[in-house]
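In what follows, a single structure is set out as structure tokens and then discussed.
For the numbers below, each heavy atom of this structure counts, side chains included, while hydrogens, waters and symmetry mates do not. The shown structure was predicted, so the numbers you read here are calculated from the model rather than taken from an experiment. In the text below, chain A, chain B and the rest are named by the order of the sequence lines, each starting its count at 1.
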Amino acid sequence: MPKYQPEQFEKKWQEKWKQDQIFSPDLDKAKKPYFALMMFPYPSAEGLHVGNMYAFTGADIFTRYIRMQGYDVFEPIGLDGFGIHSENYAIKVNQHPSKLSKVTEERFYKQLMALGNAFDWTRTVETYKPDYYKWTQWIFLKMYENGLAYRKKAEVNWCPSCKTVLADEQVIAGKCERCSSDVVEKMLEQWFFKITNYADRLLKNLNSLDWSEKVLTAQRNWIGKKEGINITYKVIPNNRESHPSQARVPSKVKKIPYASLDFVDEITVFTTTPVNFGATFLVVAPEHPFVQNILNPESEIRNKIEIQYAKINEIKKYVEEATKKTEEQRKNEAQKKTGVFTELYAINHVSGKPIPIWISDFVLVNVGTGAIQGCPGHDYRDFDFAKKFGLPIPRVVTGANGEKTPIEKREDVVEHGGVMVNSDFLNGIPFEKAMQMTMDYFEKNGWGKRVVTYHLRDWLISRQRYWGPPIPIIYCDTCGTVPVPEIDLPVVLPYVENFRPTGIGVSPLASSEKFYKVDCPKCGQEAKRETDVSDTFLDSAWYFFRYTSTEEVDSPWMLERVKKWLPVNTYIGGAEHSVLHLLYSRFLTMVFKDLDLISHFEEPFARFRAHGLIISEGAKMSKSKGNIVNPDAYISEYGADCLRLYLMFLGPFEQGGDFRDEAISGPQNFLRRVWDLKEKIKDLAPSEEDKKWMYKAVEKVGRDISNLKFNTSIAKLMEWLNYLSRKKSVTKDEYKTLLLLLAPLAPHVTEELWSQIGEEYSIHQKPWPSFAKKSFVEEIVTIPVQVNGKVRAVISLSADQLSEKEVVGKALKEEKVKKYLEKKKYKVIYVKRKILNLVTS
RNA sequence: GCCUGGGUGGCGGAAUUGGUAUACGCGCAGGACUUAAAAUCCUGUAGCUGCAUAAGCUGUGAGGGUUCGAGUCCCUCCUCAGGCACCA
């Protein structure tokens with residue numbers, strides 16, 4: 001009997017599958033289309049690692065199962081080879097990315113092939129090829145035409161190591177998503193996409209998506225919708241002449257009608273919790289226009305207020321120091337509150353009292369309005385600030401147990417809940433309701449306006465790098481910003497010998513005169529091309545559309561194809577893309593819908609599941625730790641099927657696992673035993689017991705695969721194999737069923753065995769086994785019998801004897817049950833087919 | 001600080017969603033085959049008390065609670081992973 005030797009047949013079948021195109025559905029004629037998508041990889045010539053393979057394998061198993069359910073499954077593959085990831089690698093190995101891309105493409109596709117996945121190899125997409133990025137540029141033009149792409153000078157995130165700007169989403173805890181360097185702020189003129197226009201829709205649609213919970217939550221947090229109110233304060237004059245009664249420190253001003261109040265400027269604050277009876281100061285950010293005005297001797301306000309030279313200098317010094325700090329420094333020093341008093345006051349609308357205006361860098365200029373009202377009794381940060389500078393801390397909300405004691409310690413601060421006190425007409429009203437009433441009251445008096453704010457910012461898509469699609473824009477002295485005419489697309493990325501990032505805020509393309517010197521498409525005069533390229537995440541935000549239409553040359557996709565195949569039925573990928581790729585793709589799809597480029601959907605991925613991560617030696621695989629596991633060696637030693645099973649058996653797919661190769665012998669043994677089992681096939685009919693096992697396996701394995709619980713589906717197959725191995729012989733029916741159930745998990749060996757037992761090629765085009773359920777209703781039911789909640793016996797009854805009377809009758813004959821009942825009275829709790837519990841009183 | 005998901009044998013992990021906790025695999029121990037080893041096959045394997053393959057007790061991060069019955073539900077807390085964060 002020949003031994004199980006995967007190297008003798010895995011390659012053979014992979015080639016045959018590809019040649020026969022059995023995994024290439026007819027995209028126009030398919031009757032039951034199912035788009036199963038896996039996030040395409042960023043290729044680097046270092047190759048695919050086991051973590052990638054884990055994700056691809058899980059997605060592939062699911063896909064193969066769906067195919068066996070009778071769907072026309074489309075499982076495409078491609079490479080996200082444009083962008084910083086690939087370019088950084090090119091820099092590292094000192095090769096030109098355009099040359100390197102050819103090497104990585106070959107290597108990646110070879111490796112992906114060796115996994116045995118059911119990819120449609122006839123429709124690959126590579127983002128760095130002109131026939132693809134032509135349409136990425138086209139999408140940019142559509143965005144521009146419709147006012148969704150704009151150029152603006154702004155403080156942006158700059159990675160000093162990658163030498164480019166980054167979108168907010170690509171800054172992870174102050175560090176670059178790619179290289180983990182500290183990101184700094186830089187003032188640059190850049191292209192943005194107006195994703196903020198879609199904030200509400202992006203948020204609302206989340207409720208109807210079948211996605212992993214953690215990804216939904218991450219997106220909700222990132223969009224960060226907050227409903228609150230903008231309240232405008234009047235800054236009152238501080239010179240004796242205009243308001244003698246107020247003097248310099250106007251602590252006891254008579255309450256005068258707010259509307260008739262004399263004022264020199266206004267400050268608008270944003271708050272979600274207007275506990276205004278407790279507001280005792282205002283704080284503005286150092287970069288706030290109000291501060292700039294105070295420092296400017298020519299400004300209107302300076303003519304209206306009294307302020308000493310020393311004070312001006314003090315403020316100036318503070319602002320300079322604060323703005324010099326990086327974002328990171330500011331955060332690190334978050335606990336130590338600093339600030340400077342302006343000696344100016346604003347009037348609290350509800351108390352009528354003047355409250356001091358401070359400047360502090362704990363208030364961020366780009367959050368809300370860049371100014372806050374300090375309510376120190378009910379906000380920890382305000383409390384810290386008030387404590388440090390000796391400002392009053394009144395209580396206006398009761399504590400958890402109704403405390404009304406003065407707020408002295410940080411623990412006394414009440415941020416929400418409780419009931420209003422010391423708040424005039426709000427006294428006794430619960431916090432939440434009081435906030436709404438306050439907002440109503442302020443709006444009615446014209447003191448404020450309800451607003452909604454978002455954490456989400458517009459998507460910065462310019463990159464000062466080489467390896468990406470040039471942004472299709474031309475700047476003309478006469479015509480201004482001119483989009484490249486569609487007919488001139490693609491704007492081909494030229495070969496530039498020195499492709500390395502310049503670090504001076506421009507792309508390497510800026511040194512290629514041949515590239516940037518063009519005639520204006522409008523007036524024909526000499527003009528200059530935009531030399532930045534676009535973000536990689538723009539390439540990957542629409543690739544799944546392209547998969548359906550790779551042969552199309554006149555448009556990015558064929559509408560009929562998209563109608564048939566999109567939205568994607570199941571999408572699998574990494575959770576690290578929660579607020580990156582997954583958000584951008586949703587945004588673009590909505591835009592496509594609004595621009596009538598598609599019609600029947602606006603959410604690209606109906607179902608998304610995040611796979612877990614494979615770690616190694618207790619840590620995430622990374623080059624720096626040197627714990628990257630390359631699958632190639634394992635495939636050649638154990639075979640792709642074995643590695644697939646091993647990876648999937650580590651634990652739940654959505655959880656990931658630790659790669660320890662000593663456990664690989666389990667799956668290896670399993671496959672060998674499946675192989676050897678064929679020697680025991682006899683031409684017999686299965687027994688009732690055999691059928692029961694078979695039915696249960698079909699049911700359990702199928703259910704688990706569709707829920708991505710591959711580990712338990714494998715366990716069930718192992719259990720069944722243990723049963724089959726114990727028998728003297730197996731029926732052909734059993735063996736065929738075993739192979740069919742195993743086919744999605746181990747595609748090669750099942751194909752090989754399928755052909756060895758003389759079945760028709762290909763096992764992967766056969767339907768999932770099905771059974772008439774009623775022929776397997778269990779005849780004998782076993783029921784555990786508990787006495788006072790402890791199992792004392794297990795009884796077996798035939799299925800027609802399951803009445804309480806019969807079950808109790810049988811249970812009482814058990815010695816142990818009798819013993820523990822001790823002839824006491826008992827209560828019967830019987831759950832049919834499940835359990836019997838006898839409880840003594 | 002907030003949000004999400006976890007914590008179960010020596011290890012990876014099961015548990016039909018409130019009903020026999022530890023399936024399946026690894027590892028380990030014993031046995032069969034063998035001159036021997038490897039491979040393979042069989043048996044055992046949560047802890048404690050016990051000569052016991054007798055009997056019993058304890059056990060799912062900790063402590064309370066609901067229930068005839070809790071890994072599963074509720075409350076308080078500890079801890080690990082990930083996300084957000086002086087976000088007002």
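Listed nucleotides: B:A88, B:U20, B:G13. Nearest to the side chain of A:Phe270: B:A88. Checking B:U58, B:C84, B:C86 against every side-chain atom of A:Lys790, the shortest atom distance belongs to B:U58.
Here A:His455 does not reach the OP1 or OP2 of B:C84: none of its side-chain N or O atoms lies under 4.0 Å away. For the OP1/OP2 pair of B:G25 and a distance below 4.0 Å, the side-chain nitrogens and oxygens of A:Asn722 include at least one atom meeting the criterion. Phosphate contact (OP1/OP2 of B:G12, side-chain N/O of A:Gln655, threshold under 4.0 Å): absent. A sub-4.0 Å separation between OP1 or OP2 of B:G25 and a side-chain N or O of A:Asn669 is absent. Distances shown here put a side-chain N or O of A:Arg672 below 4.0 Å from the OP1 or OP2 atom of B:C41. Contact check, A:Arg220 against B:C3: no side-chain N or O comes under 4.0 Å of OP1 or OP2.
Annotation: cation-pi geometry satisfied between A:Lys337 and A:Phe362 (NZ/CZ under 6.0 angstrom from ring centroid, within 45° of ring axis). Geometrically, A:Lys678 engages A:Trp675 in a cation-pi contact, judged by NZ or CZ lying under 6.0 Å from the ring centre and within 45° of the ring axis.
Counting distance only, with no hydrogens placed and no angle test, the side-chain atoms of A:Asn837 and the base atoms of B:C68 include a donor-acceptor pair under 3.5 Å.
Taking the six-membered ring where the residue is Trp, A:His577 and A:His581 present perpendicular rings, their angle passing 60° and hence far from 30°.
At the heavy-atom level, A:Asp382 lies nowhere under 4.0 Å from the strands shown. Contact annotation for A:Lys225: no contact, since no heavy-atom pair falls under 4.0 Å across all strands. A:Arg673 comes within contact range of the sugar-phosphate backbone alone, with a heavy-atom separation under 4.0 Å but no base atom that close. Residue contacts for A:Ser665: at a heavy-atom cut-off of 4.0 Å it reaches the sugar-phosphate backbone alone, with no base atom in range.
Comparing the P positions of B:U4 and B:C74 gives an interatomic distance of 13 Å, to the nearest angstrom.
Taking the ring centroids of A:Phe649 and A:Phe710, they lie at or beyond the 6.0 Å cut-off.
Each of A:Val794 and A:Lys716 has a nearest nucleotide on RNA chain B; the 5'-most of these lies closest to A:Val794. The residue among A:Val831 and A:Phe649 whose nearest nucleotide of RNA chain B lies closer to the 5′ end is A:Val831.
Between A:Asn788 atom CG and B:G19 atom C1' the separation is 15 Å, expressed in whole Å.
From A:Ile355, atom CD1 reaches atom OG1 of A:Thr280 across 7.0 Å, with rounding to the nearest 0.5 Å.
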